[in-house]
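Each remark here refers to the structure printed beneath this line.
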2 protein chains.
Amino acid sequence: MSPRVVDEETLKAREQVILDAALDYIRENDIASLTVDKVVARVPFSKGTVYNHFCSKEDIVTGLCNSCVSSLHALFQSATRFDGNVREKMIAICIAYMMSAKADTTRFMLVITAKTSALNQKASEERLNEHIRLEQQLMHLFCSLIQKAIEDKDLVIPVHMSPPQVAFAIWSMSFGIIALLQDGLERCDLRRLMEVERELVSHCNLVMDGLGWLPLSQDFDWQPCIDASKERVSGLV
Amino acid sequence: MSPRVVDEETLKAREQVILDAALDYIRENDIASLTVDKVVARVPFSKGTVYNHFCSKEDIVTGLCNSCVSSLHALFQSATRFDGNVREKMIAICIAYMMSAKADTTRFMLVITAKTSALNQKASEERLNEHIRLEQQLMHLFCSLIQKAIEDKDLVIPVHMSPPQVAFAIWSMSFGIIALLQDGLERCDLRRLMEVERELVSHCNLVMDGLGWLPLSQDFDWQPCIDASKERVSGLV
DNA sequence: ACCTGAACACCGTTCAAGT
DNA sequence: ACCTGAACACCGTTCAAGT
C-alpha cells in the first residue's frame with residue numbers, strides 16, 4: 001500500500017466524474033467522435049489527471065461498458081424476484097433487457113461495443129479483468145435460474161448440454177437480436193420488418209420450447225408476466 | 001455518363017487492390033491500428049487516389065465487410081444444394097458459417113464490425129446501400145428455405161410469426177454466438193466453456209425444435225449432414 | 001481528366017515544470 | 001505526491017500544382 005495524499009474516495013469519485021462526462025458526450029454526439037480532449041473539456045481537471053485514471057481512450061470506454069454490465073446485473077437480479085415459475089422469471093429478464101435498451105440506447109450499445117477487438121486491444125489489463133468478472137456474474141445469475149428450473153422439474157436439459165450452455169443459448173440469442181437491430185436505420189428492410197420487443201420474447205420462447213422447458217409457450221398465459229415486468233422495469237430505468 | 005480516360009475495369013481492379021492491401025494489413029496486425037497511410041504504403045499509387053475510391057478510412061473497412069457478406073452469400077447458396085430435407089440444408093448453412101469463421105477469423109470478424117455505429121457514421125451512402133442490398137440478399141436466401149420447408153409440410157410457422165421473423169431467429173442466434181465467442185481470450189471462463197461449433201449446431205436445433213420443424217432433432221441422424229457439409233466447405237474456403 | 005504528396009487541422013499520449 | 005498543459009508524434013483529409 002503506497003502512501004496517498006488524495007484518499008481512495010476522492011479518487012473513486014473523480015473516476016466517476018470522468019465516466020459521466022464521457023457518457024454525456026456520447027449521448028449528445030456519438031461514440032465515434034469521442035476524444036480525450038472532449039472529455040477533459042467537460043471535467044474540472046487536466047488531461048494528465050485523466051490519464052492517471054485511465055491508460056487510454058479505450059480504457060475510458062471499457063470503464064463505461066463495465067458500469068453498464070453492472071447495472072444490467074442489478075436489473076436482472078431484481079427481475080428474478082418476479083413471483084412465478086422459473087420460465088416466467090427468464091421472460092422477466094428478457095423484458096428487463098429490452099426495456100433498459102429502449103430507455104437508454106446509448107448505454108445499451110456500449111455493452112456491445114465492449115465486445116469489439118479495438119477496445120480489448122487498448123484497454124488496461126485491470127479494466128478487462130473487471131469486465132470478465134462482471135460477465136461471469138451475469139452468467140452465474142443465468143445458471144442459477146436454470147439450476148432452479150431443473151430442481152423444480154420444469155426442465156431436463158439434453159444430455160449433450162451443460163447449464164452454462166443453456167444459459168449461453170438464451171444470452172447469445174438476446175445479444176444477437178439487439179446487435180443486429182441496434183441502429184435505427186429505416187432504409188434497411190430487415191429493420192423495418194423486425195421489432196426488438198416482439199423478436200426477443202418470441203425467440204426466447206422458441207429456445208425454451210426447444211428445450212422442453214415447462215410450461216411450454218402454448219400451455220400458459222405469459223401476458224401477465226410480460227405486462228408486470230414492463231410495468232416494474234419502467235419504474236426502475 | 002461522364003467521359004473517362006481510365007476505364008471501368010481498371011477502376012474496379014484498383015479498388016480491389018486497395019481492399020486487398022487493407023485486408024493484408026489487418027491480417028498481419030489488427031483493425032484498430034489500421035491507418036490510411038499504411039494502406040497507401042502497400043499500394044502502387046497515392047493517398048489522393050485512394051480517396052478517389054473511398055471517402056474515408058471507414059469506407060474502406062465497409063468495402064471489406066461487403067466483400068465478406070458477398071462471399072458468405074455464395075457459400076450459403078452452395079450449402080443449400082445439400083441433398084436432403086430443408087432442415088438439413090439449414091444445418092448445412094450453419095456448418096458453412098462456422099467453417100468459414102474458422103478458416104478466416106479476420107474476414108469473419110469484419111462482418112461483425114460492419115454493424116458498429118462508428119463505421120455506419122463515416123462510410124459513404126453508396127457503400128452503405130450496397131451493404132443493405134447484400135444483407136437483403138442473405139435474408140432472401142433464408143426466407144426461400146423457410147418457404148420450401150412450409151411447402152414440404154415440414155414446418156408450420158406460429159401464427160404470430162412471419163417467414164422473415166423465423167429467418168431472423170436463426171440468423172441473429174448464429175450472429176450472437178459468433179459475436180460473443182469472437183475473441184479467443186482464454187482468460188474468460190465463458191469462452192473456455194463454450195465452443196462455437198458445438199453451440200451453433202446445438203442452438204440451431206433448439207430453435208428449430210421450438211418451431212416444431214420436422215424432423216425433430218431426436219428423430220433424425222444429423223451427423224452425416226454435418227460431416228458432409230464440413231467436408232464440402234473445407235474444400236471451398 | 002486524373003494523380004500527387006505537401007500541408008493542415010486534429011488527436012492520443014507523454015513528461016518536464018510547477019505546486 | 002500530485003497536477004498541469006505545452007510539446008510531440010501521428011493520423012485523416014484536402015487541394016493546389018503537376019502531368
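Every chain is numbered from 1, with letters handed out A, B, ... down the list of sequences. Nothing here was measured: the structure is a model prediction, and the numbers come from that model. Basis for what follows: all heavy atoms, side chains included, without hydrogens, waters or symmetry-related copies.
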Looking only at heavy atoms, what is the nearest atom pair of A:Pro44 and A:Val17, with distance?
-> CD-CG1, 4.2 Å
With both pairing distances under 3.5 angstrom for Watson-Crick or G-U wobble, and | for a partner in another strand, the correct string for DNA chain D is ||.|||||...|||||.||
Can we say B:Asp20 and B:Arg42 salt-bridge, meaning some charged N sits less than 4.0 Å from an Asp/Glu carboxylate O?
-> no
So which of residues 43-51 of chain B are in contact with DNA chain D, with a heavy-atom cut-off of under 4.0 Å?
-> B:Lys47, B:Tyr51
Quick one: does NZ or CZ of A:Arg232 land under 6.0 Å from the six-membered ring centre of A:Phe82, within 45 degrees of the ring axis?
-> no
NA contact type, B:Ile60, heavy-atom cut-off 4.0 Å: base, sugar-phosphate, or nothing?
-> nothing
Verify the distance criterion only: is there a donor paired with an acceptor across the side chains of B:Asn205 and B:Ser202 at less than 3.5 Å?
-> no
Identify which nucleotide among D:dC2, C:dC2, D:dT13 has an atom closest to any side-chain atom of B:Arg14, counting heavy atoms from C-beta outward.
-> C:dC2
Taking the side chain of B:Lys57 as its heavy atoms from C-beta onward, which of C:dC3, D:dG12, C:dG12 lies nearest to it?
-> D:dG12
When you check the gap from the basic side-chain N to the acidic O, do B:Lys47 and B:Asp37 get nearer than 4.0 Å?
-> yes
Can we call the ring centroids of A:Tyr97 and A:Phe76 under 6.0 Å apart?
-> yes
Residue pair A:Ile31 / A:Thr106, side-chain heavy-atom distance below 4.5 Å | no
